[in-house]
Number of protein chains: 2
Amino acid sequence: SRIRQGLFLVLRDFQGLTQIILPQDEAHSHVRKLLSNAPVESVVRVTGIVSSRPPGQENPKMPTGDIEVKVETAEILNSCKKLPFEIKDFIKKSEALRMQYRYLDLRSFQLQYNLRLRSQIVMRMREYLCNLHGFVDVETPTLFKRTPGGAKEFLVPSREAGKFYSLPQSPQQFKQLLMVGGVDRYFQVARCYRDEGSRPDRQPEFTQIDIEMSFVDQAGIQGLIEGLLQYSWPQERGAITTPFPSMTYEEALADYGTDKPDTRFGMKIVDISDILRRSDIQFVQNALSYPHGTVKAICIPQGVVKKRQPDGSLKSLLTKLLGKEQQSELIRALNVQVDDVVLLAAGEHKRCSALGSLRLESADLLEAAGMTLRDPTAFHFLWVVDFPLFLPKEENPAELESAHHPFTAPHPVDTNLLYSDPTKVRSQHYDLVLNGNEIGGGSIRIHNAEQQRFVLEKVLKEDSEVLSHLLEALESGAPPHGGIALGLDRLISLIVGAPSIRDVIAFPKSFRGRDLMGNAPDYVTPEELEPYHIQVSWPVAETEAKKN
Amino acid sequence: SRIRQGLFLVLRDFQGLTQIILPQDEAHSHVRKLLSNAPVESVVRVTGIVSSRPPGQENPKMPTGDIEVKVETAEILNSCKKLPFEIKDFIKKSEALRMQYRYLDLRSFQLQYNLRLRSQIVMRMREYLCNLHGFVDVETPTLFKRTPGGAKEFLVPSREAGKFYSLPQSPQQFKQLLMVGGVDRYFQVARCYRDEGSRPDRQPEFTQIDIEMSFVDQAGIQGLIEGLLQYSWPQERGAITTPFPSMTYEEALADYGTDKPDTRFGMKIVDISDILRRSDIQFVQNALSYPHGTVKAICIPQGVVKKRQPDGSLKSLLTKLLGKEQQSELIRALNVQVDDVVLLAAGEHKRCSALGSLRLESADLLEAAGMTLRDPTAFHFLWVVDFPLFLPKEENPAELESAHHPFTAPHPVDTNLLYSDPTKVRSQHYDLVLNGNEIGGGSIRIHNAEQQRFVLEKVLKEDSEVLSHLLEALESGAPPHGGIALGLDRLISLIVGAPSIRDVIAFPKSFRGRDLMGNAPDYVTPEELEPYHIQVSWPVAETEAKKN
């Protein structure tokens, strides 16, 4: 790792750094010379005497900080001939350079830690599922066929002209078919694929802890996952307590303006419609006149700009339009303190996503200004439940699409509504949220073929033919079943406090989906495409450019 | 599972079969009726009293054979409406039907056993590697770029016109780069892809136990794998003893005519060139006149057609051309007994593959005739070592190709020959053979960039540019390293005694690479191809057919 004044050498291996004392006597001059001349980052083997460091020179921060090795023999196993940059400054290099030389970046303490901890956590998860709870680790195919609406699925040309495999986004169909096949407890650390083009902090291939069980209800899955996380949680991050709190989708949207609330801090959204209903403020009255019209607010503690007078009154243009009593009610409702800022939004909204975003932005700003709102060592898990089964399509709100996926079962209380008013049906879908990030989602599935067919054909207006094998399977003795998938990359990145999931993946792709080290994807020759009966349709611009 | 005379019902779950006694009293008539009318393979829940079976009615073959359940309440959780065939006769159905209804086939005792045992074995392997030996489970990308000569790699079109990912045949490059990156002990249960078109008992996606270590030699890897298999070996298959025997590539070819000898039985190939050299047999003399000309033979014990007289003499057309002394020598050399058959092959051969195949064919014939040559409960592991580093290309014997892969290190004794006579260089490549099947292979890798470049450019005449990232990595402090990959599907199929690897894979493809259940691969619309800038080149015949 480095050499100090021809006297010491710091050797790095999987256990960390070890101080090596170079021999200064004449008899070992060749050893001293060999090691002194070895380029940094070379691979060396030394033998010598391990001894305690002199008193006062111990380094308690290093696991090997109490010892040093007095070299007797040495050998250069491989000399480092070329480094694109000094390795210790690596962390300051651009991410593109780090990814191009990923094998050097991997030598950093942080990446070694991330990858080794990831391996240990996954191993503990396997022990919990496989050894303690009788789950069967089953590998499902990744060369499958396109799922209906699977617009984000990579295609893989086959040797049959015009026929393509598809890389699935999850083993959803296979896990359900395993339940029908009597593998009553399935799990897999599953590689999944999603082609979303360029999106920051998404990867075209990612990993999920994929779980499915027969004869289980929502509480059963939730209890299992709580136990799984508790069992596999790294000691060094403190214990986590179970059960995790739970919140309905409605509550989450009303109080936090998002279905994945960060509950590490307050600043909840408060409905102040009733307080302002008697005001003369025009835009407020306008907003309240709509069916879903409301006025909502968040109170930002110690907001930087002073809006409330030291005497405890409000400072705002709005005060002119509000009576004393209304002002007091507002202060009470939002528990406004001196130096707080109140933000409000009026309009026809169900989701309050604007205030939800403002809440997070404000938290960022406050923390940038030095306030601690979110304890970086805290882990707030939260179940979000009672999602709607269907949501209006964004592009055409008259049509419905599945909020989760078409295999999600309706809430038992709402089953009858499925046939009369599907928009009102809540589902048995549950999301697991950690510190404001969705780290998992699952549902109890439909096990009744008729109900599944109704959802596909009548509600979603989809062609059920492509799913005929699944419908047939449900008719041949399918047990009630449900499951969940945890996003492993995201979970690990939150545990180690990494800014990006790229920091917990050994060889990640860039945000454009490129492997900068090996240069993938890459051009192939027309001959290589021939067995797959495909050819490239060059964009017109490029074809024109080639002509000229 | 089945109903017997309205009195008993056999319930199947993950623990096996349980006998359920239907209540015969009036008070429970609705329960009796409900269960009696339930179609076979329906999913039912029963509650009742568990009691011992009446004396004499125990079934010691079943884990639940000592008990029965007297039903009190029952519920049909899902009625089985449709079965394509009677489930107990399933095993007699065609494989195509079994694969189309794989979710039903999975309910069979055999497939349940295979998949559950596979899961347990893999879990034990992980415990051994991860918990006992400090290996790090690292997931490597499957969307990578085409490797030089990677003709069997599936392509995945990207959204950049003309650029393709490739699904790698193994994580070879990544595992070596992990060594350079300081992850000194890597393993992965890795999904691999190989597009070989239609080949029996091959799968387009398969799984290997992929292992790589730094600072290790051949003996180190072999010891690790022996320990791994011993630790994960299922108790019910008896213990395996280590170390495994070892044989050189030369010996394997000479004695068994193959580099993956089945050592469960004898019938070794014997060189009888010297005995026949003095004969007048023309084709023998012809064969012996070539540089590598030999005459070799195997002796098939109790060969069906009698070729040796009861008096101990040989019966053959050749006897006319052989002297008495030569006949005796032959009988001695091959240890020929009464009723044995001797097959011989003369020609210019190094590999003796014809006699190797004959040896296996003969064993099959003898076993078909009722003889037991290969104990079906025996597991004969064998290391085959000292492979040549290069072999002449089949299509052009003047050119060389890697016997294993271009990253394999030369045998330390032969390193100098690499630069003078590469055909003579033995490698540090080792194969693991089980009962005549190659179940693993690996090597110590080249860690010296210059040597790697020499092999790629001078010996293999390949463009080293596409591997520039690997060559650069070797120059930046790569430790000596080596590894191995075990073919998990094949290994498990041998352990459970399955005729095909399809019997140990939950959702296998047919030998034409098709998923018969979900119908993959399948046609996609031109619109779906658009984002990937590809179009189908329909074969002329089909285009013509469409015109008419």
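Labels below follow one simple rule: chain letters A, B, ... track the order of the sequence lines, proteins then strands, and each chain is numbered from 1. It should be emphasised that the depicted structure is a prediction, and the values quoted were computed from it without experimental measurement.
Ranked by heavy-atom pairs under 4.5 Å with chain A, the list B/H469, B/E41, B/Q112, B/E205 is led by B/E205. Ranked by non-hydrogen atom pairs under 4.5 Å with chain A, the options B/L167, B/V156, B/L143 are led by B/L143. Between chain A and the residues B/L155, B/N448, B/L115, B/L111, the most heavy-atom pairs under 4.5 angstrom are made by B/L155. Chain A forms the most heavy-atom pairs under 4.5 Å with one residue out of B/G182, B/P479, B/S158, B/G162, and that residue is B/G162. In terms of heavy-atom pairs under 4.5 angstrom with chain B, the leader among A/D13, A/L529, A/L83 is A/L529. Interface check for chain A: of the options B/P84, B/C130, B/S42, B/S468, the most heavy-atom pairs under 4.5 Å are formed by B/C130. Ranked by non-hydrogen atom pairs under 4.5 Å with chain B, the options A/L178, A/V189, A/V122 are led by A/L178. Options B/M517, B/K81, B/H533, B/Q100 differ in how many heavy-atom pairs under 4.5 Å they form with chain A, and the most are formed by B/H533.
Relative orientation of the B/F154 and A/Y165 rings is perpendicular, given thresholds of 30° and 60° on the angle between their planes.
If you measure heavy-atom distances from B/E527 to chain A, you find no contacts under 4.5 Å at all. For a residue to count as touching a neighbouring chain, one of its non-hydrogen atoms must lie under 4.5 Å from one of that chain's; by this rule B/Q535 touches chain A with backbone and side chain alike. Contact annotation for B/P480: only side-chain heavy atoms (C-beta onward) come within less than 4.5 Å of a heavy atom of chain A. The part of B/F135 that comes within reach of chain A is its backbone (N, CA, C, O), which places non-hydrogen atoms under 4.5 angstrom from that chain. B/Q176 does not touch chain A: none of its heavy atoms, backbone or side chain, sits under 4.5 Å away. If you measure heavy-atom distances from B/L177 to chain A, the contacts under 4.5 Å come from both the backbone and the side chain. Only the side chain of B/R159 comes within less than 4.5 Å of a heavy atom of chain A; its backbone N, CA, C and O stay farther away. Heavy atoms of A/L488 lying under 4.5 Å from chain B belong exclusively to its side chain. For a residue to count as touching a neighbouring chain, one of its non-hydrogen atoms must lie under 4.5 Å from one of that chain's; by this rule B/L516 does not touch chain A. For B/R118, the part lying near chain A is the side chain, with the backbone staying farther off; criterion is any non-hydrogen pair under 4.5 Å.
Counting only heavy atoms from C-beta outward, the side chains of B/V136 and A/F14 never approach each other to under 4.5 Å. Counting only heavy atoms from C-beta outward, the side chains of B/E472 and A/Y103 approach each other to under 4.5 Å. Here the side chains of A/R146 and B/D522 are not in contact, with every heavy-atom distance at 4.5 Å or above. In this structure, the side chains of B/V536 and A/Y532 stay at 4.5 Å or more apart for every pair of heavy atoms. By the 4.5 Å heavy-atom criterion applied to side chains, A/Q120 and B/D137 are not counted as neighbours. At a threshold of 4.5 Å between non-hydrogen side-chain atoms, the residues A/R191 and B/R191 do not count as touching. Put simply, the side chain of B/S476 reaches to within 4.5 Å of the side chain of A/L104, judged on heavy atoms. Looking only at side-chain heavy atoms (C-beta outward), B/F507 and A/E139 stay at 4.5 Å or farther from each other.
Judged by distance alone, the side chain of A/N78 and the main-chain N or O of B/A478 form a donor-acceptor pair under 3.5 Å. Panel note: side chain A/K145, backbone B/G518; a donor-acceptor pair is recorded below 3.5 Å.
Applying the 6.0 Å contact sphere to CD of B/E196 captures more than 12 heavy atoms from other residues, nucleotides or ligands. In A/E75, the CD atom is crowded: over 12 heavy atoms of neighbouring residues, nucleotides or ligands sit closer than 6.0 Å.
With sequence neighbours excluded, the residues forming a side chain to side chain donor-acceptor pair (under 3.5 Å) with B/K175 are B/D210, listed by chain and number.
For the atom pair OH of B/Y523 and CD of A/E160, the computed distance is 7.0 Å after rounding to the nearest 0.5 Å. Atom CZ of B/F215 and atom CG of A/L77 lie 6.5 Å apart (nearest 0.5 Å). Atoms CZ and OG, on B/F187 and A/S119 in that order, are 6.0 Å from each other to the nearest 0.5 Å.
Annotation for A/V138 and B/A506: closest pair CG1-CB, 3.4 Å, computed over non-hydrogen atoms.
Applying the salt bridge (Lys or Arg N to Asp or Glu O under 4.0 Å) test to residues at least two apart or on different chains, the pairs with a partner in residues 176-186 of chain A are A/D184-B/R116.
Between the side chains of A/T142 and B/Y193, at least one donor-acceptor pair of N or O atoms lies under 3.5 Å. A donor atom on one side chain and an acceptor atom on the other are found under 3.5 Å apart for B/N131 and A/E127.
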Practice task
Show the numbers, then the answer: is there a side-chain contact (heavy atoms from CB on, under 4.5 Å) between A/V180 and B/R107?
Solution key: CA-CA 8 Å; A/V180 181; B/R107 292 181 190 168; 3.4 Å; yes
